[in-house]
Amino acid sequence: MRFASLGSGSKGNATLVQAGDTLVMVDCGFSLRETTRRMARLGVEPGQLDAVLVTHEHSDHCAGVARLSRNHGVPVYLSHGTAASGRCDGSHELRRFNSGACFEVGELAVQAVSVPHDAAEPCQYRLGWGGRSLGLLTDLGCITPHVLDHYSECHSLLLEFNHDSQMLQAGAYPPALKRRVGGDWGHLNNGQAAQFLSQIDAASLRHLVVAHISENNNSRELAEQALATVLQSMKSVVWAAQADGFDWLSV
Ligand SMILES: [Zn+2]
Ligand SMILES: [Zn+2]
């Protein structure tokens, strides 16, 4: 089982997960042309996809879903609430579930986990194959006991380090947007992400991917400072970039 990213951040997200013969994409916030180009860089093409799993209806996650699905006949899995937003209408096929559902896509075991975020019915995913498990966790304003329960003992984890609280407060965003991003239904700040890592067994992760990093309200240096409080070494840490994501990693 392996995973890679086409790009991560508020301008577009898409994560690829391959397990045995199954290839899925989680979210698609890029145009079809850009998606195809970025997939080629990772040695795969849209026609190989078995499914697109959507986390929520914000455009950085679903802007490219319907077109990708329609052009390549790929089914789209999404919560009832996300489907009701209409943002994935026009897809080849929508397969709706209740957030919290467990289901299978090909060889991959999928657990959808509800998260607090300002969308209709947002969920994140824990994916399992062959005794290994991968946690994908971005776009949430706080860590709930429910999230802690579902993301313990992952073998690899992709985790949001969206912003530094002080940078956000001192920055140029209007007050309402600062409250939104920094609130319990917004995005994780560096401190929250680091605290979450201290609550799970972060040292045993094969790969930790730092993801959905704000280009305006965060820096690698500040995220590293937060990580240093919970990790002895940065050797298993991978940084997900907006421009080119990251290359395949083995879960
Ligand atoms: Zn997002
Ligand atoms: Zn979002």
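Just the heavy atoms: all of them, side chains too, but no hydrogens, waters or symmetry mates, feed the values below. In each ligand, atom 1 is the first atom listed, and ligand 1 is the first ligand listed.
- Take a cut-off of 2.8 Å around the Zn ion (ligand 2): the protein N, O or S atoms inside it are H56 NE2, H58 ND1, H117 NE2, D139 OD2.
- Rounded to the nearest 0.5 angstrom, H150 NE2 and R126 CZ are separated by 8.5 Å.
- Cation-pi geometry between R38 and F30 is met: under 6.0 angstrom from the ring centre, within 45 degrees of the axis.
- One finds no salt bridge joining R41 and D244 here, because no Lys/Arg side-chain nitrogen approaches an Asp/Glu carboxylate oxygen to under 4.0 Å.
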Derivation of the side chain to side chain donor-acceptor pair (under 3.5 Å) call for H117 and H58: CA-CA 10 Å; H117 190 55; H58 291 160; 3.2 Å; yes

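- The minimum heavy-atom distance between A240 and I213, with the atom names listed, is O-CD1, 3.9 Å.
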Just do the side chain to side chain donor-acceptor pair (under 3.5 Å) check on T55 and D27 with the steps written out, would you? CA-CA 6 Å; T55 60; D27 290 331; 2.8 Å; yes

